[in-house]
Structures are given as C-alpha cells and as structure tokens.
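Notes to accompany the following structure.
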Amino acid sequence: MKLKKPKYIFVTGGVASSLGKGIISASIARLLQARGYTVTIQKLDPYINIDPGTLNPYEHGECYVTEDGTETDLDLGHYERFTSITTSKANNVTTGKIYKSVIEKERRGDYLGKTVQVIPHITDEIKRRIQLLAQQKVYDIIITELGGTVGDIESLPFIESVRQLRYALGYRDTALVHLTLIPYMAASGELKTKPTQHSVKALMENGLQPDILVLRTERALSQGLRRKVALFCNVDANAVMESIDVPTIYEVPLRMHDQHLDEVVLSKLDLPADCEPDMKQWKAFVEKVKNPHHKIEIALVGKYTELPDAYKSISEAFIHAGAMNDCKVKLRYVNSEKIDDANVDEILGRMAGILVAPGFGNRGIEGKIAAVKYAREHGVPFMGICLGMQCAVIEFARNVLKMKDANSTEMEPSTKHPVIDLMEEQKGVTAKGGTMRLGGYPCQLRPDSKAAAAYGATDIVERHRHRYEFNNDYLGDFESHGMIPAGVNPETGLVEVVELTGHPWFVGTQYHPEYKSTVQRPHPLFVAFVAAALKYSGN
C-alpha cells in the first residue's frame with residue numbers, strides 16, 4: 001500500500017443493464033495494478049436475496065464462490081480473472097445483507113428505541129460495508145460497482161450512500177465513473193446521445209455528478225459526438241470514453257488505456273500517473289486469444305445451456321487454457337435433457353473433448369450419464385465438475401461394476417447402491433442458503449495421477465459448492481476396476497478427484513477448478529484437458 005488512506009472509485013450504470021460495468025470495473029483495476037497500485041473491487045447488488053446462492057441460474061447467471069466460501073455475483077469472477085486478486089465476503093454486498101444486519105441490530109436494541117429508517121440506518125450500514133475493505137490497510141484504491149441502473153427504486157439507497165460518502169471523504173479522494181448507452185438508430189442512421197443525457201440527469205437528481213462517462217456502443221463515436229455528450233453532461237471532454245464491441249472482453253483494458261482512462265481516473269483522484277502501465281503480458285495473451293494457430297470443439301453438457309452465463313467461469317477458463325495451448329476452444333453447449341444412448345454419437349461424435357457441467361437436481365441427469373459413458377467407451381478426453389464427477393461415478397457403477405440401479409441419493413433416496421451420498425455434515429441441514437460445503441479446502445493428489453502431473457504438485461487447495469460426496473463404502477470396488485481416487489481431502493477422506501486408468505484423459509473433480517482460473521494463472525486442469533483434446537483431435 002502506497003497511500004496513507006485509500007481512494008474510492010464508484011462505477012454506476014444507466015439506460016440498460018448488462019452494458020458491462022463489471023468488465024469496465026475490472027479493466028480499471030487491471031490498468032491501475034499495472035501502474036503499481038494495490039486495488040480491490042466490490043459489488044453492491046440491489047436485490048433482496050442474501051446472496052445469489054438460491055437463485056436459478058436463468059435468473060442471475062452463474063453463482064461464483066470465493067475462497068472464504070461466500071456465494072457471490074458472477075462479476076466477482078471477472079474481478080479475479082482480470083486482476084488475480086482474491087475476493088471475499090467483504091467484496092459482495094446485497095440489499096438482503098444490509099436489511100438483515102439492520103433488522104438484527106434493531107431486535108437487539110442497538111438503536112435504543114429510535115425509529116429505524118432508510119436514512120440514516122440503511123445508508124449508514126451501506127457506507128460501513130463499502131469501507132470495510134479499507135480496514136485491511138492494504139489497498140490504495142477500492143473500486144465499488146453498483147448493480148442495476150440509475151433510476152431503479154432498489155438502487156436508491158446505494159446511490160444515496162455514495163452521495164454521502166463522496167461528500168464525507170472529499171471529491172479528490174473519490175471518482176465516479178458512469179457507464180451508459182449510445183444506441184444506433186438504423187432507420188435514421190444515427191447514434192443517439194439522448195438516453196445518456198437522461199441517465200446523467202437522473203444521476204444528478206440524486207445528487208451525483210459523474211467525473212467520467214464510458215459510452216457503450218456498437219459503432220465508433222466521433223469526436224463531435226463526444227464533445228456534445230461532455231457539454232450536456234458537465235463532464236470534461238477528455239473524460240468521455242468509447243466502449244465499443246470487441247472480439248474478446250480481455251481487449252477492453254487495452255482499449256481503455258488507448259483512450260487514457262487510467263490517466264484520467266488518477267487525475268481525478270489527485271494521484272500521479274508518471275509511468276506507463278506494463279501490459280506486455282496482457283497484450284501477448286490477447287493476441288493469442290484473437291489469433292490462435294489451432295481450433296478445437298469441446299462439448300459442455302449441462303441443463304442451463306440456453307444461458308451461457310450460467311457457466312461463465314468454465315467458458316472463461318477455456319479461454320485462458322486455450323491461449324496457453326495456442327488454441328481456440330469453441331464450446332458447443334449441449335442440453336443434457338436432449339441426449340440419450342440412441343443419439344449420443346450423433347451429438348458428441350465430432351467433439352475433441354467432453355465436459356459434464358455442475359448443477360443440482362434430477363433434471364437432465366440421465367443425459368449427463370450418457371455423455372460420460374460415451375467419453376469413457378470411446379476414449380474421448382473427459383472432464384467432470386462437481387455433479388459431472390458424480391455422474392462419472394454413477395455411470396461407472398452401473399456399466400462397469402454392474403450395479404444397475406446405482407445412483408445418488410440426491411436423485412433417488414431409496415437406491416440400493418448410493419455411490420453418491422449426502423455428506424455427513426449436511427445431514428439435518430434444512431436451510432438452503434449458504435449451507436453447502438463452500439470455499440477452499442485442501443486436497444492431496446496421488447503423485448502418479450494425471451491431476452498431479454497437471455498441477456505439478458500433490459498438495460492443492462480448491463473451492464467447493466456441494467452437499468453430496470463419493471460414498472467411500474464403495475471405494476474398493478471402484479479401485480479394483482480402474483476408477484481411482486486421484487485426490488483426497490487429508491482431514492475427512494472425502495474423494496476430491498477420480499480418474500480412469502487406461503483412458504487417455506478422464507478426470508472428475510468434486511471441487512470447481514474454474515473458479516480459480518485467471519489470465520495470469522490459467523487453471524492447470526483446464527490447460528491439461530485442452531492439451532489432451534488437441535492431441536485427440538490430431539491438431
């Protein structure tokens with residue numbers, strides 16, 4: 001930490017959701033890191049759920065899990081992938097968490113009989129949470145992304161809290177970046193600035209004046225249009241940035257640096273921008289992503305395939321691993337409800353690799369098992385994550401060990417062969433939110449395993465999100481027939497990794513390796529899987 005106290009950057013959005021606030025926040029953080037500042041990012045989500053752990057992926061996309069076991073918004077995955085920082089429960093705040101905390105204080109009598117109100121009690125709690133990361137005294141700059149769009153009723157307490165904080169901390173110790181939309185009207189052939197003007201107007205009505213505008217657009221913006229936006233929105237002309245569609249999100253930091261966004265941010269914060277950021281490795285990575293020498297197709301078999309964001313960390317891990325292998329991985333999203341033994345060859349026959357995705361519940365499970373069987377019998381490189389690993393265990397039990405009714409007790413509580421069973425610590429748990437085995441746990445790998453070869457180590461820590469586990473009562477049967485426990489938790493004996501002997505590359509993990517893959521540290525299992533798929537495809 002260079003500074004005596006941290007500076008704050010707030011990132012808001014207007015006009016429409018999904019404009020890319022998370023990517024812009026992560027891009028700013030990456031550029032500031034490259035200039036030598038220590039940075040972290042947090043997300044304020046306006047929904048009343050405590051966290052996204054109980055949300056259907058179709059509602060909110062992937063639920064990301066931090067090292068300390070917090071279920072969070074998928075934007076925290078972007079933060080970690082861009083910056084390699086380790087986020088925690090302090091990096092994600094929801095309206096649900098805020099109200100829960102305030103109500104608990106009220107029930108304890110902490111407010112001494114006063115009427116509890118949005119202002120000051122809710123806003124004070126929001127401000128406390130925003131400044132929580134500063135107590136670690138390691139960050140020069142804390143970036144706070146506000147979910148939703150300006151004008152949403154749910155977002156108003158967060159907007160008001162930022163207004164109060166900017167006033168209290170000082171306008172040279174805070175900066176406000178507002179991301180908005182410049183739509184293209186095909187009928188008139190024009191880019192329109194009015195939505196941006198209205199968005200800034202709404203922000204100003206709530207007491208906030210943006211310092212920097214980032215304009216999301218499908219077409220290049222002229223200097224005249226930028227000057228017009230600056231004039232009508234009270235923003236310096238050099239503080240209006242263009243965020244145009246690019247081939248990969250990892251190009252965004254480079255595009256922002258080309259427009260001097262990092263310099264403008266530092267200027268607003270009264271911080272020096274003397275040296276150029278070192279982005280050589282980042283540029284090399286982007287070049288590999290955009291211009292690979294090889295291409296392969298890998299099937300991702302899951303039940304939320306209509307919404308790729310449900311598997312965001314997996315798809316990004318394949319981008320990282322692909323770059324390491326000088327290869328573009330084209331994911332084919334395959335709905336597991338539409339696969340069976342009759343059509344599996346038609347659907348998966350041309351794939352260089354098969355990944356069976358995580359998930360919960362019975363829907364689509366037989367299709368996942370059919371995909372595992374195909375990979376096992378045809379020698380196709382295979383990776384199973386969480387439920388995907390459990391499906392591999394069930395398929396092996398049914399078709400190799402001849403336990404025809406083998407299943408998980410999650411799917412069939414009365415099965416005679418519960419090869420996957422509820423974890424002992426989960427028995428008696430009835431609440432759904434935040435009660436699974438979550439976060440980082442140690443694992444010891446067999447020295448002669450493919451997993452150990454990939455990691456280059458035998459002692460690892462990986463992140464979990466599950467209630468069910470491999471039933472060790474069946475371990476002897478599995479080992480004697482060629483499915484080995486390649487990784488085990490040293491404290492509980494929980495099987496973390498399974499592998500097939502005599503198969504080119506068949507690895508299932510109870511944990512979620514995709515959560516720890518970043519641009520700077522591509523996950524070794526994904527790197528090894530892509531390498532195996534490349535070899536299998538003949539590239």
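Because only heavy atoms are used, hydrogens play no part in the values below, and waters and symmetry mates are left out as well, while side chains stay in.
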Any chance you could measure [X], atom [atom1], to [Y], atom [atom2], to the nearest 0.5 Å?
X: E145; Y: I23; atom1: CD; atom2: CD1; value: 9.0 Å
X: N399; Y: I394; atom1: CG; atom2: CD1; value: 11.5 Å
X: E366; Y: M411; atom1: CD; atom2: CE; value: 9.5 Å
X: L348; Y: I298; atom1: CG; atom2: CD1; value: 12.0 Å
X: M324; Y: D326; atom1: CE; atom2: CG; value: 11.0 Å
X: E514; Y: L355; atom1: CD; atom2: CG; value: 8.5 Å

Is there a side chain to side chain donor-acceptor pair (under 3.5 Å) between T40 and N91 once you walk through the steps? CA-CA 8 Å; T40 191; N91 291 78; 3.1 Å; yes
Looking only at the side chains, is there a donor atom on one of [X] and [Y] sitting less than 3.5 Å from an acceptor on the other?
X: Q390; Y: S408; answer: no
X: E462; Y: H523; answer: yes
X: T409; Y: D421; answer: yes
X: R81; Y: S313; answer: yes
X: E412; Y: S414; answer: yes
X: N489; Y: Q510; answer: no
X: T87; Y: T66; answer: no
X: T95; Y: E154; answer: no

Do the charged groups of [X] and [Y] touch, with an N to O distance under 4.0 Å?
X: K330; Y: E297; answer: no
X: K404; Y: E395; answer: no
X: K303; Y: E337; answer: no
X: K516; Y: E67; answer: yes
X: E410; Y: R467; answer: no
X: E316; Y: K312; answer: yes

So, does [X] use its side chain to make a donor-acceptor pair with the main chain of [Y] at under 3.5 Å?
X: D345; Y: Y374; value: no
X: W282; Y: L254; value: no
X: T248; Y: Y250; value: yes
X: R129; Y: V93; value: no
X: H257; Y: P253; value: no
X: S17; Y: T149; value: no
X: D73; Y: L76; value: no
X: K290; Y: E251; value: no
X: N92; Y: K43; value: yes
X: S449; Y: L445; value: no

Side-chain contact test, heavy atoms from C-beta onward, threshold under 4.5 Å: evaluate it for [X] versus [Y] and give yes or no.
X: S243; Y: I24; value: yes
X: K100; Y: I50; value: yes
X: L44; Y: T144; value: yes
X: H417; Y: R398; value: no
X: R332; Y: L300; value: no
X: D309; Y: E62; value: no
X: Y511; Y: V497; value: yes
X: T12; Y: V177; value: no

Which label fits [X] and [Y]: parallel for a plane angle under 30°, tilted from 30 to 60°, or perpendicular past 60°?
X: F318; Y: F529; answer: tilted
X: Y311; Y: Y304; answer: tilted
X: H512; Y: Y515; answer: parallel

Shortest non-hydrogen separation from [X] to [Y] and the atoms involved:
X: S84; Y: R521; result: O-NH2, 3.6 Å
X: D68; Y: S88; result: OD2-CB, 3.3 Å
X: H503; Y: A375; result: NE2-O, 2.9 Å
X: A454; Y: A528; result: CB-CB, 3.7 Å
X: G322; Y: V530; result: CA-CG1, 4.5 Å
X: I142; Y: Q42; result: CG2-NE2, 3.7 Å

*asked:* Under the criterion ring-ring contact (aromatic ring centres under 6.0 Å, His included), I'd like the reasoning laid out for H378 against Y536: C-alpha separation, chi angles, the key distance, then a yes or no.
replied: CA-CA 11 Å; H378 290 79; Y536 176 79; 9.6 Å; no
Should we count [atom1] of [X] as having more than 12 external heavy atoms under 6.0 Å?
X: K97; atom1: NZ; result: yes
X: E104; atom1: CD; result: yes
X: Q281; atom1: CD; result: no
X: E218; atom1: CD; result: no
X: M403; atom1: CE; result: yes
X: K416; atom1: NZ; result: no
X: I244; atom1: CD1; result: yes

Original post:
For E496 and R446, what are the C-alpha separation, side-chain angles and deciding distance, and is it a salt bridge (charged side-chain N to carboxylate O under 4.0 Å, His left out)?
Top reply: CA-CA 11 Å; E496 303 269 18; R446 282 195 182 191; over 6 Å; no
Exercise. Answer yes or no for R30 and F82: cation-pi contact, defined as NZ/CZ to six-membered ring centre under 6.0 Å and angle to ring axis within 45°.
Key: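 No, R30 and F82 do not form such a contact.
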Find out whether the Lys NZ or Arg CZ of R437 is both under 6.0 angstrom from the six-membered ring centre of Y441 and within 45° of the ring's axis. yes
The residue among V356, V372, V507, V498 that forms side-chain contact (heavy atoms from CB on, under 4.5 Å) with M389 is V498
Discussion item. Before we go on, tell me: are the rings of H78 and Y64 under 6.0 Å apart, centre to centre?
Written reply: no
